[in-house]
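In this chain, numbering begins with 1 at the start of the sequence shown.
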Amino acid sequence: MASKEEIRSGHRAARSALPPAAQDAAAAGIASHGLQWASGLASGRQGTFAAYLGVGAEPPTLPLLTALVDAGHRVLLPVCEPDIELSWVYWTPLSGFVRSHYAPIQEPVGERHGTDVMRDATAIFLPATAVDFSGNRIGQGGGYYDKFLAALAAMSSASAGAFGVASDGASEGVALPTAAVVYDTEVLPAGSIPAESFDRKVDTALTPGGIIRLG
């Protein structure tokens, strides 16, 4: 089995070789299928979706972000903080961006919110360099999303309102649908990605070709 770093490096090289026309086509597919997935989860209501701005050779997500807002949904984008923490800013097409101090990404300008803001979220779009049909994900290697997803799972539903409590009365973590955004060729056979104790599985892959259920 290839290591995570080997898979990540190979996929980054392939991404860098994509011509602009292929990236543009990917952006359109991701926006169309991502909006369909999001709107289905929102069931005709205004949803709130945590997402991110794809940069460089990453699958382009700006058209998806714009489509979500145009459809009446709210969008949260991440800001990297010290100690591998994420905060979140509500984004609109009028929002500005600045270069992150901690990661090679563009971050939105605005009021920052902690993980608690996810109590009102509908679902999460995650960055990834690969996923497999077991639901394993390879991120960018920084560990921000692993820590964020662990914190999300640890949040008590006793204070999470609409998420309720477990049937036995015990508190349970906030569980939101997750979609990792990757290219079609980056969805790998089950068991292809080494899983570690801190890894969090994802439900879905969002690719230019469509939505793929995982796990």
Side-chain angles (χ1 to χ4, degrees), residues 3-16 18 20 23 26-27 30-31 34 48-69 73-131 137-155 173-174 176 178-183 186 193 196-200 202 206:
S3 70
K4 284 185 176 180
E5 190 50 46
E6 288 170 335
I7 297 171
R8 184 184 291 118
S9 297
H11 287 189
R12 281 177 172 168
R15 287 177 172 186
S16 296
L18 284 174
Q23 289 186 326
I30 288 167
T48 299
F49 296 91
Y52 69 99
L53 178 69
V55 296
E58 288 185 302
T61 61
L62 182 57
L64 169 62
L65 305 181
T66 303
L68 289 169
V69 171
H73 302 301
R74 304 182 79 189
V75 170
L76 287 160
L77 297 187
V79 174
C80 294
E81 304 283 7
D83 300 320
I84 320 179
E85 301 281 354
L86 290 177
S87 61
W88 298 88
V89 173
Y90 284 103
W91 175 88
T92 76
L94 299 178
S95 300
F97 285 96
V98 295
R99 183 73 170 181
S100 171
H101 292 296
Y102 301 101
I105 63 172
Q106 295 293 313
E107 296 176 335
V109 177
E111 181 183 357
R112 299 181 185 185
H113 303 270
T115 304
D116 284 358
V117 75
M118 295 299 155
R119 291 171 178 165
D120 297 321
T122 308
I124 305 171
F125 294 95
L126 299 169
T129 52
V131 294
R137 165 186 166 270
I138 298 177
Q140 301 292 358
Y144 283 92
Y145 275 89
D146 289 321
K147 189 170 183 179
F148 161 66
L149 292 172
L152 189 65
M155 283 171 56
V174 175
L176 296 175
T178 51
V181 184
V182 293
Y183 288 104
E186 296 170 344
I193 296 175
E196 301 175 69
S197 60
F198 55 80
D199 288 330
R200 300 287 165 171
V202 296
L206 167 58

Take Leu77 and Leu65 through the test side chain to side chain contact (heavy atoms under 4.5 Å, CB included) and record every step on the way to the result.
CA-CA 9 Å; Leu77 297 187; Leu65 305 181; 4.0 Å; yes

In terms of heavy-atom contacts, Val89 and Val109 come closest through CG1-O, 3.9 Å

Passes side chain to side chain contact (heavy atoms under 4.5 Å, CB included), Tyr52 versus Leu86? Steps please.
CA-CA 12 Å; Tyr52 69 99; Leu86 290 177; over 6 Å; no

Quick one: does Thr61's side chain have a donor or acceptor within less than 3.5 Å of a partner on Leu64's backbone?
no

Determine whether Leu62 and Leu53 make a side-chain contact, defined as any pair of heavy atoms from C-beta on separated by less than 4.5 Å.
yes

Non-hydrogen atoms of Ala128 and Ala180 that approach each other most closely
CB-CB, 3.9 Å

Kindly write out the residues that satisfy side chain to side chain donor-acceptor pair (under 3.5 Å) with Ser87, not counting sequence neighbours, or none if the list is empty.
Glu81

List for me each residue that meets ring pair (Phe, Tyr, Trp, His ring centres under 6.0 Å) alongside His11, sequence neighbours excluded, and say none if there are none.
none

Should the ring pair His73 and Phe49 be called parallel, tilted or perpendicular, given that the plane angle runs from 0 to 90° and is split at 30 and 60?
perpendicular

List, one per line, each side-chain donor-acceptor pair under 3.5 Å for residues 140-147, sequence neighbours excluded.
unit_1, atom_1, unit_2, atom_2, d
Gln140, OE1, Arg12, NH2, 2.8
Gln140, NE2, Glu58, OE2, 2.6
Lys147, NZ, Asp83, O, 2.7
Lys147, NZ, Glu85, OE2, 3.2

Arg8: partners by side chain to side chain donor-acceptor pair (under 3.5 Å), with sequence neighbours left out:
Glu5

Does any part of the side chain of Ile138, heavy atoms only, come nearer than 4.5 Å to the side chain of Glu186, both counted from C-beta?
no

Side chain proximity check, Leu152 to Thr115, heavy atoms < 4.5 angstrom
yes

Answer whether the closest heavy-atom distance between the side chains of Met118 and Leu76 falls below 4.5 Å.
yes

Heavy atoms, side chains only, cut-off 4.5 Å: are Ile30 and Leu206 in contact?
yes

Under the criterion side chain to side chain contact (heavy atoms under 4.5 Å, CB included), I'd like the reasoning laid out for Met155 against Asp116: C-alpha separation, chi angles, the key distance, then a yes or no.
CA-CA 8 Å; Met155 283 171 56; Asp116 284 358; 4.1 Å; yes

Can you confirm whether Pro108 sits close enough to Val79 that some side-chain heavy atom of one is under 4.5 Å from a side-chain heavy atom of the other?
yes

Suppose the criterion is side chain to side chain donor-acceptor pair (under 3.5 Å): which pairs have a residue in residues 89-102, not counting sequence neighbours?
Ser100-Glu107

I'd like to check the ring pair (Phe, Tyr, Trp, His ring centres under 6.0 Å) partners of Tyr183; sequence neighbours left out, ordered by chain and number.
none

Check whether any side-chain heavy atom of Arg200 lies under 4.5 Å from a side-chain heavy atom of Leu126, and answer yes or no.
no

